[in-house]
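What follows is one structure encoded as structure tokens, with my remarks underneath.
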Amino acid sequence: MTWLKIKDAFQAQPGQTVTVKGWVRTKRDSKADGGLSFIAVHDGTCFDPIQAVARHDLSNYDEVSKLNTGCSVEITGELVESQGKGQSVEIQAHQVKVVGWVEDPDTYPTSNKRHSFEYLREVAHLRTRTNTFGAVARVRHALAQSIHRYMDELDYYWVHTPIITGSDCEGAGEMFRVSTLDFCNIPKTDDGEVDFSKDFFGKESHLTVSGQLNVETYCCSLSRVYTFGPTFRAENSNTSRHLAEFWMIEPELAFADLHDNIELASGMLRACASDLLERRIDDLEFFDLRIEKGIIDRLKMIVESPVKTITYTDAIKILESCNEKFDYEVKWGSDMQSEHERYLTEKHFKQPVAVINYPKDIKAFYMRLNDSGTDGAPADTVAAVDILVPGVGELVGGSQREERLDVLDQRIDEMGLIKDDYWWYRDLRKYGTVPHAGYGLGFERLIQFCTGMQNIRDVIPFPRAPRQAEF
RNA sequence: UCCUCCGUAGCUCAAUGGUAGAGCGAGCGGCUGUUAACCGCUAGGUUACUGGUUCGAGUCCAGUCGGAGGAGCCA
């Protein structure tokens, strides 16, 4: 006898005999008709658990009456239209097989009770049994699929850039060291430095902070590429928007400028929102009801309206002329603070905003120096873009890349970097250079944006953050 | 890393420096085609850790560890 996923059981014709397998979410007993139990069973295939009705005449009813939240069961019975409210169909159980008991119901970590997200983080191996974390897992999967599908349809190739990097020049933050040296017996050179030539790779190596420099090489030959994988930052960041290990999508497009870049990002957000509304409306309704009201309307807004683009200079003018009181000064030439970004996207525009053409001094060396007058930009700006979204802040960071070798070299010098470290990156500008652009989209921040989950540690299965590497 | 707040039952939280409490969850019983069920009873505690002040510390002080929110860094 084959068994059904619960999502398929909900779609099956009443009258047929079905088997489902899963975990008990709740059980309620009744003494009516000589005794019966209502067992809600979930298997992760959809938001709603299915209700099974077990009567007292089952041979193992004494066992059934001892079932708790968390027990695993296999239930066979007739699918019928429900007599009660709250569900369309239910299973009249002919057989309830207990597959696994809960050892001590009194201390079962995810008992049938409200739990705080902080507590559930401490039991990350069991929190997926709650409706919130089940929904997050399904939405996370759906978003990943949407991104791959969207890129594939536009003929972008997924490039698997390395996790371990020997280049010390990715320039996006503190790195985790990768080494097989014996901590208690570190080899030293004659002048007392650590001798990395004795290390596994024969040189210093780290976990990647970005696949961008690597993927640019594929861009300059395959035209349209992207990375989608984990990245690592060893910064001591303790916020609800940062992780030490997070996933990032980094598209890179050749023969393209900043506006092509924004169009791609805008389309990606639209595809994600549209797919989610179509494929995971059950989970979205839960997020809308219990996590953040209005999340469905927000996603509909993403589908309908394109991302609004403004220049950094205009953004500063808006911030200077508004009546909002900020803790930090608004000044052309300094980076916008979180409070400024939030004001722009949440209060002023009330939608995603792409801010472009930032002062060069606050941005990375590889961002293309604007020709004076581009989009009305002053000369000392670069073709960078940050896409800000309500609730999350910075979701996307990108730029048109500097394709002119002389300008690139000048920028490397200005920033006190070492040209030789970038030898292969510079080669791309020597041999058939092309205008190109790309961006990084934080996958967990996208999930936060689409679900309303406030803490980034609750949208990744096993969060890695300072002092957090359990599981 | 900085600022602020917090750490008491399985969980969420109370408790003027003077006997350790409730709700939920759990166990038992009652009631009911139930669905955040309801009613009754029962069990459940090294008050994060270390030290100090005091006749007496969950409460005050110092340190350590852990957590949350905000900031910086960024995605």
Side-chain angles (χ1 to χ4, degrees), chain A residues 25-40 48-55 65-66 68-70 80 82-87 90 92 102-123 126 130-131 171-174 209-212 230-250 265 289-290 326-328 335-339 341-342 362-364 386-389 392-398 439-449 454-457 460 465-468 470:
Chain A
R25 173 134 311 141
T26 62
K27 179 176 69 74
R28 292 172 296 276
D29 300 319
S30 170
K31 283 284 155 32
D33 299 339
L36 66 167
S37 296
F38 302 93
I39 309 165
D48 287 320
I50 197 164
Q51 174 164 286
V53 184
R55 298 191 173 275
S65 66
K66 289 193 174 67
N68 290 102
T69 301
V80 298
S82 180
Q83 297 174 32
K85 288 176 184 161
Q87 60 279 318
E90 64 189 17
Q92 285 289 348
V102 166
E103 194 176 87
D104 180 7
D106 191 34
T107 57
Y108 177 57
T110 47
S111 58
N112 183 29
K113 172 200 180 306
R114 289 223 165 173
H115 297 284
S116 67
F117 290 145
E118 291 83 2
Y119 165 70
L120 289 171
R121 257 169 245 154
E122 295 170 12
V123 288
L126 294 170
T130 65
N131 48 25
E174 291 295 308
V209 295
S210 162
Q212 182 199 317
T231 50
F232 308 86
R233 307 264 167 106
E235 263 129 31
N236 192 7
S237 298
N238 293 287
T239 81
S240 54
R241 307 181 310 282
H242 291 88
L243 289 166
E245 176 181 303
F246 65 99
W247 287 58
M248 192 153 57
I249 296 101
E250 295 174 290
L289 186 68
R290 289 290 157 86
F326 295 118
D327 291 336
Y328 290 85
D335 216 352
M336 276 191 277
Q337 306 290 319
S338 293
E339 58 177 350
E341 296 181 339
R342 247 181 288 126
I362 57 172
K363 289 293 181 182
D386 281 357
I387 297 182
L388 314 174
V389 300
V392 173
E394 187 178 337
L395 177 66
V396 168
Y439 61 88
L441 185 156
F443 188 47
E444 283 76 19
R445 288 188 182 174
L446 176 66
I447 302 170
Q448 284 187 280
F449 176 65
Q454 297 214 321
N455 196 309
I456 199 166
R457 292 166 189 156
I460 189 166
R467 298 178 304 280
Q468 284 185 9
E470 192 65 50

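Everything numeric in this text was worked out from a predicted model, so none of it was measured.
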Nearest-Å distance for atom pair [atom1]/[atom2], residues [X] and [N]:
X	N	atom1	atom2	answer
A/Glu341	B/C74	CD	C1'	10 Å
A/Phe449	B/A75	CZ	C1'	15 Å
A/Glu122	B/G7	CD	P	15 Å
A/Ile460	B/A75	CD1	P	16 Å
A/Glu470	B/G67	CD	P	11 Å
A/Tyr119	B/U8	OH	C1'	16 Å
A/Leu388	B/C74	CG	P	14 Å
A/Arg28	B/A37	CZ	C1'	8 Å

Distance-only donor-acceptor test (3.5 Å): side chain [X], base [N]:
X	N	result
A/Glu235	B/U1	no
A/His115	B/C11	no
A/Gln83	B/U34	no

Quick one: does any side-chain atom of [X] pair with a main-chain N or O of [Y] as donor and acceptor, under 3.5 Å?
X	Y	answer
A/Tyr119	A/Pro109	yes
A/Ser111	A/Lys113	no
A/Thr231	A/Trp247	no
A/Glu339	A/Asp327	yes
A/Ser37	A/Asp29	no

Fill in: A/Arg28 vs A/Gln51, side-chain contact (heavy atoms from CB on, under 4.5 Å): CA-CA, chis, key distance, verdict
CA-CA 10 Å; A/Arg28 292 172 296 276; A/Gln51 174 164 286; 3.3 Å; yes
Worksheet item: Applying the side-chain contact (heavy atoms from CB on, under 4.5 Å) test to A/Val392, which of A/Arg342, A/Glu444, A/Gln448 qualifies?
Response: A/Gln448
Mind checking if [X] touches a base, just sugar-phosphate, or nothing, with heavy atoms under 4.0 Å?
X	result
A/Gln87	base
A/Val392	nothing
A/Gly84	base
A/Glu245	nothing
A/Ser30	base
A/Leu243	base

When rounded to the nearest Å, what value does the distance between [atom1] atoms of [N] and [M] take?
N	M	atom1	answer
B/A57	B/U42	C1'	31 Å
B/G58	B/U46	C1'	13 Å
B/C11	B/U64	P	26 Å
B/A37	B/C31	C1'	11 Å
B/G27	B/U16	C1'	37 Å
B/C5	B/U19	C1'	31 Å
B/C61	B/C13	P	22 Å
B/U12	B/C55	C1'	36 Å

Worksheet item: Do other residues, nucleotides or ligands put more than 12 heavy atoms under 6.0 Å from A/Gln454 CD?
Response: no
[atom1]-[atom2] distance between [X] and [Y], expressed to the nearest 0.5 angstrom:
X	Y	atom1	atom2	result
A/Ile39	A/Arg25	CD1	CZ	14.5 Å
A/Gln92	A/Gln83	CD	CD	6.5 Å
A/Asn68	A/Tyr108	CG	OH	9.5 Å
A/His242	A/Arg233	NE2	CZ	8.5 Å
A/Lys27	A/Phe38	NZ	CZ	11.5 Å

Fill in: Paired stretches of RNA chain B - 3 or more consecutive Watson-Crick or G-U pairs, each distance under 3.5 Å
B:1-7 with B:65-71, B:10-13 with B:21-24, B:26-30 with B:38-42, B:48-52 with B:60-64
Worksheet item: Between B/G66, B/G33, B/U12, which nucleotide gets closest to the side-chain atoms of A/Arg467?
Response: B/G66
Item to complete: Nearest-nucleotide wise, let me know which of A/Met248 and A/Met336 is further upstream toward the 5' end of RNA chain B.
Response: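 By nearest-heavy-atom nucleotide position, the 5'-most residue is A/Met336.
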List every contact pair, protein side and nucleotides 68-71 of chain B side both N or O, where the distance is under 3.5 Å.
{"residue": "B/A68", "atom": "OP1", "partner": "A/Arg121", "partner atom": "NH1", "Å": "2.5"}
{"residue": "B/A68", "atom": "OP1", "partner": "A/Arg457", "partner atom": "NH1", "Å": "3.2"}
{"residue": "B/A68", "atom": "OP2", "partner": "A/Arg457", "partner atom": "NH1", "Å": "3.2"}
{"residue": "B/G69", "atom": "OP1", "partner": "A/Asn455", "partner atom": "ND2", "Å": "3.1"}
{"residue": "B/G69", "atom": "OP2", "partner": "A/Asn455", "partner atom": "ND2", "Å": "3.3"}
{"residue": "B/G70", "atom": "OP2", "partner": "A/Ser240", "partner atom": "OG", "Å": "3.2"}
{"residue": "B/A71", "atom": "OP1", "partner": "A/Arg342", "partner atom": "NH2", "Å": "2.4"}
{"residue": "B/A71", "atom": "OP2", "partner": "A/Arg241", "partner atom": "NH1", "Å": "3.4"}
{"residue": "B/A71", "atom": "O2'", "partner": "A/Tyr328", "partner atom": "OH", "Å": "2.9"}

Worksheet item: What is the per-nucleotide protein-contact pattern of nucleotides 22-29 of chain B, from the 5' end, where B denotes a base atom under 4.0 Å from a protein heavy atom, S denotes such proximity for sugar-phosphate atoms only, and - denotes neither?
Response: -BBBSS--
Discussion item. Testing the basics here: between A/Ile456 and A/Arg445, what is the closest heavy-atom pair and its distance to 0.1 Å?
Written reply: CD1-CG, 4.1 Å
